[in-house]
Peer 1: 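Below you'll find the structure I mean.
Nothing fancy with the numbering, it's 1 onward along the sequence.
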Amino acid sequence: PGALPLMQFALRDLFEAQQATGGVIALTRADYIARGGIAKALERHADKEFARLAPEEQQWARAIFSGVIEIGRGTQDTRRTALLDEVVSENADAARVKTLVDKLATARLLTTDRLGKHETVTLAHEALIDAWAWLKRLVNENRDAIALQNEIAQDAQEWDAQKRDESYLYRGARLATAQEKLQQNKLTLSGLAQEFVQAGIAARDAERAAREAQ
């Protein structure tokens, strides 16, 4: 089933290329191969839609696409379904990011859905991870950061769902790693994820102060 939308991309790309010549439209195997097949059709489409974005939108798109990739550990990278709130970085305008997500969904690079009262977002096609050079480079250059920030986003949602129970906060090495990456500006976190990490830091510092006082 997943191959049919990809085939649609390739055939539409081939049709539009033939249409532009002004001659008789004939979709041939030779022309399909010459234009790079499914992978190149996806890449051309993604590059064209990304180039239409304003510079600020392109920066927000980095956070959005980072949030919808599941980094493989010895396995292939896959798409990840994220809550919309997870891909809105703390300093971004939430309403404008939502508009951008809708724009990328209309461009068939993302798909949106609902999970209860929350809106979700994911990649439209898993094949984009390998076919789109921009996305592949984003993932390969930030693998550890993407894996960590998505883990934090998921754990922050669980912490919030459990009425911010302190037992869900990071401690020890996990907290130290998250704090270090934040200080190095290597993570792009939502407001909730930032609160989650800061709450862990505050709880750790309070425990240290209590031990010293004792």
Side-chain angles (χ1 to χ4, degrees), residues 1-2 4-6 8 46 49-50 52-54 56-73 77-129 132 135 138-139 142 145-171 174-175 177-179 181-182 186-203:
L4 292 178
L6 300 179
Q8 178 191 11
E49 295 298 334
F50 188 77
R52 290 176 176 173
L53 303 179
E56 188 175 34
E57 289 179 319
Q58 291 184 355
Q59 192 61 36
W60 291 340
R62 291 177 61 88
I64 293 169
F65 282 106
S66 294
V68 295
I69 301 291
E70 189 73 48
I71 299 297
R73 299 296 188 183
D77 300 328
T78 57
R79 59 182 173 181
R80 170 181 181 266
T81 299
L83 298 182
L84 178 60
D85 293 343
E86 292 177 12
V87 300
V88 180
S89 55
E90 185 186 31
N91 298 321
D93 184 321
R96 292 179 65 190
V97 173
K98 171 64 169 67
T99 299
L100 174 59
V101 167
D102 291 340
K103 187 185 297 186
L104 293 170
T106 300
R108 294 174 297 157
L109 297 179
L110 297 175
T111 59
T112 60
D113 203 347
R114 297 204 69 83
L115 181 65
K117 60 183 180 180
H118 297 287
E119 186 169 354
T120 63
V121 57
T122 191
L123 277 179
H125 304 288
E126 202 159 79
L128 276 168
I129 301 172
W132 189 10
L135 182 57
L138 174 69
V139 172
N142 302 277
I146 290 173
L148 180 57
Q149 67 193 27
N150 290 341
E151 182 182 348
I152 292 172
Q154 188 170 327
D155 292 340
Q157 291 289 344
E158 181 68 14
W159 168 68
D160 194 51
Q162 299 299 326
K163 300 181 179 179
R164 305 200 170 194
D165 187 330
E166 280 199 6
S167 66
Y168 285 82
L169 295 174
Y170 286 174
R171 286 176 169 78
R174 292 181 80 192
L175 178 61
T177 299
Q179 183 179 14
K181 297 299 182 184
L182 268 179
K186 291 185 177 180
L187 300 180
T188 303
L189 300 180
S190 67
L192 176 61
Q194 285 273 8
E195 288 181 47
F196 174 68
V197 175
Q198 293 303 325
I201 294 170

Peer 1: Going by salt bridge (charged side-chain N to carboxylate O under 4.0 Å, His left out), name the pairs with one or both residues in residues 106-122, residues two or more places apart or in two chains.
Peer 2: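 Listed once each, the pairs are Lys98-Glu119.
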
Peer 1: Could you state the interatomic distance from CG (Leu83) to OG1 (Thr120), rounded to the nearest 0.5 Å?
Peer 2: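 These two atoms lie 7.5 Å from each other.
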
Peer 1: Please determine which of Tyr168, Phe196, Tyr170 meets the ring pair (Phe, Tyr, Trp, His ring centres under 6.0 Å) test together with Trp159.
Peer 2: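 When ring pair (Phe, Tyr, Trp, His ring centres under 6.0 Å) is applied between Trp159 and each of Tyr168, Phe196, Tyr170, only Phe196 qualifies.
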
Peer 1: How would you list, by chain and number, every residue that makes a side chain to side chain donor-acceptor pair (under 3.5 Å) with Glu56, sequence neighbours excluded?
Peer 2: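 Per chain and number, Glu56 pairs via side chain to side chain donor-acceptor pair (under 3.5 Å) with Arg96.
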
Peer 1: Got Leu138 and Leu135 here, is their nearest side-chain heavy-atom distance under 4.5 Å?
Peer 2: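 The answer is yes; the side chains approach within 4.5 Å.
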
Peer 1: Please name the residue in the list Leu192, Val97, Leu100 that meets the side-chain contact (heavy atoms from CB on, under 4.5 Å) test with Val88.
Peer 2: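 For Val88, the side-chain contact (heavy atoms from CB on, under 4.5 Å) test succeeds with only one of Leu192, Val97, Leu100, which is Val97.
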
Peer 1: Hey, what do you get for CD1 (Ile152) to NZ (Lys181), rounding to the nearest 0.5 Å?
Peer 2: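 Atom-to-atom, Ile152:CD1 and Lys181:NZ are 11.0 Å apart.
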
Peer 1: How long is the straight-line distance from CD1 of Ile146 back to CZ of Arg62, given to the nearest 0.5 Å?
Peer 2: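 Going from CZ on Arg62 over to CD1 on Ile146, the span is 8.5 Å.
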
Peer 1: Do Ile69 and Leu123 have side chains that approach each other closer than 4.5 Å (heavy atoms only, starting at C-beta)?
Peer 2: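 They are in contact (side-chain heavy atoms under 4.5 Å apart), so the answer is yes.
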
Peer 1: Any side-chain heavy atom of Arg52 sitting closer than 4.5 Å to one from Lys103?
Peer 2: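 No, side chains not in contact.
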
Peer 1: To the nearest 0.5 Å, how far apart are CH2 in Trp60 and OG1 in Thr188?
Peer 2: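 Between Trp60 CH2 and Thr188 OG1, I get 13.5 Å after rounding to 0.5 Å.
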
Peer 1: Nearest 0.5 Å, please: how far is OG1 in Thr177 from CG in Leu182?
Peer 2: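 Atom-to-atom, Leu182:CG and Thr177:OG1 are 11.0 Å apart.
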
